[in-house]
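Numbers restart at 1 for each chain; the letters A, B, ... are given by sequence-line order, proteins then strands. Since the structure is predicted, the reported quantities are computational estimates derived from the model, not experimental observations. Because only heavy atoms are used, hydrogens play no part in the values below, and waters and symmetry mates are left out as well, while side chains stay in.
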Amino acid sequence: MLGLIDGNSFYCSCERAFNPDLRHRAVVVLSNNDGCVIARTNEARDLGLKMGEPWHLVRDKPQYRNVVWMSSNYALYGDMSRRMFEVLHDFVPAVEPYSIDEMFLDFDGLAESLPALSSRIRETVRRITKIPTCIGIGPTKTIAKLANRVAKADRNGPGVCDFALPAVREAAYGTIPVADVWGLGPAAQRKLKDIGVNTVADFLAYPADDLRGLLTVTALRTQHELMGIECVSFGVVPATRKSLAVTRSFGQPITTWPEMREAVASYTLRAVEKLRGYGLVAAAVQVFMHTNRFNGDPPYANHATVTLEPSNDTILLIGATVRVAHGLWREGFRYAKAGVIFVDLCEAEKATIPFFPSKDPARSAALMRALDAINRRYGRDTLRVGGTVARPNWSMRRANLSPAYTTCLEDILPVHA
DNA sequence: TCTGGGGTCCTAGGACCC
DNA sequence: TCTGGGGTCCTAGGACCC
C-alpha cells in the first residue's frame, strides 16, 4: 500500500512557518519576476484568486487589497522540503520524493492501521516543520494521488483519505470529476467530455480499446492504475536525468548583444554547476531567446541546438552557448527571456572522450573541481568566469523576498528569551 | 512597468535503408 | 496516365506534471 503526502499551499505555508503575521491571512507566492500566482492559501482562493494569474493584472482589484504577496524563495522551500523528507523517513521504510512538496510513502509491512499512522505522520510533520499536509492512501500511485485530492478538498476533515479498499473508492468514484485524476490534463478532459465521460466511474467504464484510440497509452495506464493495477511503480531508481535547464525572464527587456551575451553566459554558468553537481556531462545544448508575447512588442522567437564533445567544463560550454546565442540574435528587438538547456546527458565517468579533445580532460576537471570547491566554501559567485555577471540590471524582480531563514546564517531568526 | 521555471513521456512524420 | 513495401532511427512538438 502507498501513501501520498503533500504540503497544503506549500510555498505559502513555508512563508507562514517563519512569519506568524501571515496566519489566517490571504497569502500568495508569485513566480520569478513577481509574475504569476503560483501558490495561494485557502483565504486567497476564497477571494477568487486563481493559480497562474498574472499578478500585475489583478493586484489592484479592491477585493485583493489585503492580500499579502511574496516573491518566491526557493532556497527556503527546498530546505523545508528536505526537512519534511527527513521526518517522513522516521515513520516508513521508504520515501520517494515526487516534487518539492509531494512524497510517496511505502506503507508495506507496517502493522499499525494506515489512517492512524497517517494522522500521526501529519501531526509530527506539522509540529517539526510547521507545514500542514494531507495524506492519501491507495494501492497505486494514481489512487493515492486521488485520495490525497479528496482529503484536501475536505478542509475541515481529518486530512487523511483512505482508498485502500476497492469498495470504498469505487463508491466515491461516481462523484469525483475525471478532471481530478493525475495524468488527465485539459486536452484529455475536453475529449472525454465530448463523449460524455465526466466522472472517474465513467472513465473506468469506458472500454479500454476505445480509450487507446481516443487518447494515448498513458491514459490506458491511468485507467489500470485507478482499478488498482500498478503501472507506475514505486521507488524505481530513475536513470540519469535526460535534460537540465536554466531559463529566465529578464527583469527588464534586453536590447543589446553584450547584455544578452552576459545573460546566456551567466545561465550557462549555473547550468554547468548543476551538471557537475550531478556528476554529468552534456553532449548537446539548446539555446533559445524570445520577446514578450503578451505586450504587443514586435515578436521574435528562435532556438537552436548544437552537439558538442561531452563536457562539463564551464569555459568550454559558455563558449558554445554564446556562439549559438549569437547565431540567434537579431538586432532591434526587446528580448524578454532566454534559456540554456543541456540535453544528451550522461555520467561523467561513462562519457566517451573524443580522440582529439579540445581541452586536456585532466586539467579541465582539476580546474572545475577547484572552482566548485572555492564557491562551496566561500559562497556562490566568489569565483566566476569571464563574461558572467553576478547582479546585472536584467536580473529578475523579487521585490518581496523573505529572508533565507534556514540556509543563511545572517538570516536566522533571533530568539529573545 | 509588469504574464514562471524545470522536468518527463508519447507520437507523428521525415530521413534513411534495403 | 501509371512511381513499392517495410523496417529503424531521430526529432520536433504536444501533453502533462508540479
Side-chain angles (χ1 to χ4, degrees), chain A residues 4 6-11 28-40 50-60 69-74 77-78 81 97-104 141-142 145 148-149 152 179-192 212-222 231-232 236 238-253 267 270-271 274-275 278 284 286 288 290-297 301-307 334 336-345 393-394 396-400:
Chain A
L4 178 76
D6 89 326
N8 303 345
S9 312
F10 184 70
Y11 296 170
V28 295
V29 171
L30 304 181
S31 61
N32 280 353
N33 258 330
D34 296 335
C36 301
V37 174
I38 54 170
R40 70 224 207 276
K50 297 188 182 63
M51 292 290 276
E53 205 152 27
W55 183 235
H56 77 273
L57 294 181
V58 300
R59 59 183 297 173
D60 292 328
W69 65 274
M70 306 292 300
S71 306
S72 38
N73 182 347
Y74 287 104
Y77 312 148
S81 176
Y98 172 63
S99 73
I100 194 165
D101 73 322
E102 287 176 67
M103 287 143 210
F104 285 106
K141 285 184 171 177
T142 307
K145 284 278 288 183
N148 177 278
R149 202 153 165 150
K152 194 174 268 193
D180 286 358
V181 174
W182 185 43
L184 300 177
Q189 285 160 38
R190 268 194 305 277
K191 289 183 184 175
L192 290 168
R212 179 67 186 82
L214 186 74
L215 303 171
T216 68
V217 289
T218 43
L220 217 51
R221 277 204 283 268
T222 299
C231 301
V232 188
V236 177
T240 53
R241 59 200 292 122
K242 306 222 158 84
S243 68
L244 186 160
V246 172
T247 72
R248 296 270 183 286
S249 299
F250 308 123
Q252 47 185 288
Y267 294 177
R270 285 280 173 264
K274 289 198 209 173
L275 200 58
Y278 291 114
Q286 180 175 67
F288 71 83
H290 61 74
T291 54
N292 189 323
R293 286 167 300 207
F294 305 100
N295 67 354
D297 276 357
N302 208 349
H303 62 95
T305 309
V306 290
T307 56
R334 291 161 51 81
K337 182 174 179 178
V340 169
I341 306 166
F342 290 128
V343 289
D344 265 0
L345 308 184
N393 54 11
W394 42 260
M396 62 182 168
R397 287 183 300 274
R398 292 206 285 182
N400 259 3

Just checking [X]: base, sugar-phosphate only, or nothing, at a heavy-atom cut-off of under 4.0 Å?
X        : value
A:Val181 : sugar-phosphate
A:Leu30  : nothing
A:Arg212 : sugar-phosphate
A:Ala188 : sugar-phosphate
A:Trp182 : sugar-phosphate
A:Asp34  : nothing
A:Ile341 : nothing
A:Asn33  : nothing
A:Glu102 : sugar-phosphate
A:Arg293 : nothing
A:Lys191 : nothing
A:Arg221 : sugar-phosphate

Under the rule for salt bridge (Lys or Arg N to Asp or Glu O under 4.0 Å), what residues qualify as partners of [X], not counting sequence neighbours?
X        : result
A:Arg270 : A:Glu273, A:Asp381
A:Lys141 : A:Glu96
A:Glu102 : A:Lys145
A:Asp180 : A:Arg149

Output, in order, the C-alpha distance, side-chain angles, deciding distance and verdict of side-chain hydrogen bond (donor to acceptor under 3.5 Å, both in side chains) for A:Asn148 and A:Asp6.
CA-CA 8 Å; A:Asn148 177 278; A:Asp6 89 326; 3.3 Å; yes
With a strict under 4.0 Å distance from non-hydrogen atoms of chain A, what nucleotide opens and what nucleotide closes the contacted stretch of DNA chain B, reading 5' to 3'?
B:dC2 to B:dT11
Nearest nucleotide by nearest heavy atom, which residue falls closer to the 5' end of DNA chain B, A:Leu215 or A:Arg248?
A:Arg248
Determine the interplanar angle of the A:Tyr77 and A:Tyr74 rings, folded into 0 to 90°, and report it as parallel if under 30°, tilted if 30 to 60°, perpendicular if over 60°.
perpendicular
In whole angstrom, give me the gap between the P atoms of B:dT3 and C:dC18.
25 Å
side-chain hydrogen bond (donor to acceptor under 3.5 Å, both in side chains) partners of A:Ser81, counting only residues at least two apart
none
Sorted by chain and number, sequence neighbours left out, side-chain hydrogen bond (donor to acceptor under 3.5 Å, both in side chains) with A:His56 holds for none
Among all residues two or more places apart in sequence or in another chain, which pass the ring-ring contact (aromatic ring centres under 6.0 Å, His included) test with A:Phe342?
none
List DNA chain B stems (3 or more consecutive Watson-Crick/G-U pairs, under 3.5 Å)?
B:5-18 with C:5-18
